[in-house]
Amino acid sequence: MNYWLVKSEPEDYSFEDLQEDGKAMWDGVRNYAARNNLRKMAKGDLVLFYHSKQGLEVVGIARVCRESYPDPTEEREDWSVVDLEPVKPLQQSVTLKAIKAEPELADIALVKNSRLSVMPLPEAAFAKIRDMGGA
DNA sequence: GCCAACGTTGGC
DNA sequence: GCCAACGTTGGC
């Protein structure tokens, strides 16, 4: 089991949207590092859902319900998608500020590389943020 | 709205 | 293969 974090602008697609939809095809990733991370996801892996731009906080937990497959909206280029389903929202969202205030989270990509939209998380970091969120 | 950080493109 | 120019992301 691996752990991940994905970003989405809530104006574009929020965790609430994922809950309403029941599942979502995670398309639109156009960054090779992020794509390669998508491709390493396995069914059942857990994913923290982060709201970028507005919110700047981890708001919920999702799960990979379909492993990576070629992006059906893209015919010419080699991009990938996965399907995600909601697991549950955090009781309280965990802000970027709170994450940055935790020394043990100082090395995660969310802090180190603010532009990466799909990133792996060490299990300990996943557990820490989940616990901070009361889930 | 600004701009730093990062990734990509393309000329050489 | 290098690197300057450009475009995009996302925190502030």
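In the text below, chain A, chain B and the rest are named by the order of the sequence lines, each starting its count at 1. Hydrogens, waters and symmetry mates play no part in the numbers below; they use all other heavy atoms, side chains included.
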Gap between atoms CG and C1', on A:N31 and B:dT9 respectively (whole Å): 15 Å

Atom pair distance, as rounded to whole Å: CZ in A:R30 and C1' in B:dC6: 19 Å

Sidechain N-carboxylate O distance under 4.0 Å for A:K53, A:E11: no

Euclidean distance, atom CG of residue A:L116 to atom C1' of B:dT8 [Å, nearest integer]: 16 Å

Check: A:N37 and A:P120 side chains under 4.5 Å, non-hydrogen atoms: yes

Sidechain N-carboxylate O distance under 4.0 Å for A:D78, A:R35: yes

Candidate pair A:S68 and A:M41, rule side-chain contact (heavy atoms from CB on, under 4.5 Å), full reasoning: CA-CA 7 Å; A:S68 72; A:M41 289 183 176; over 6 Å; no

A:K53 or A:S114, whichever maps to the more 5' nucleotide of DNA chain B: A:K53

Side-chain ion pair, A:K43 and A:E67, N-O less than 4.0 Å: no

Distance, rounded to the nearest Å, where A:L110 contributes CG and C:dG10 contributes C1': 11 Å

Distance in angstrom units between A:N113 CG and C:dT8 P, rounded: 18 Å

Between C1' of B:dG7 and CZ of A:R35, the distance in whole Å: 14 Å

Closest non-hydrogen atom pair between A:S80 and A:R39, with its separation: OG-NE, 2.7 Å

Residue whose closest nucleotide on DNA chain B lies nearer the 5' end, A:K112 versus A:E77: A:K112

Look for any protein N or O under 3.5 Å of an N or O in nucleotides 3-5 of chain C and output each such pair with its distance, or none.
none

Of residues 92-102 of chain A, the positions that come close to DNA chain C - non-hydrogen atoms, cut-off under 4.0 Å: A:L96, A:K100

Interatomic distance, A:R115 CZ vs C:dC6 C1' [rounded to whole Å]: 12 Å

Distance in angstrom units between A:E11 CD and C:dG10 P, rounded: 14 Å

Any A:I108 side-chain heavy atom under 4.5 Å of A:M119 side chain: no

Check: A:W4 ring centre within less than 6.0 Å of A:F49 ring centre: no

Shortest non-hydrogen contact between A:L18 and A:A62, atoms and distance: CD2-CB, 4.0 Å

Under-4.0 Å side-chain N/O to phosphate OP1/OP2 contact, A:Y50 with C:dG11: yes

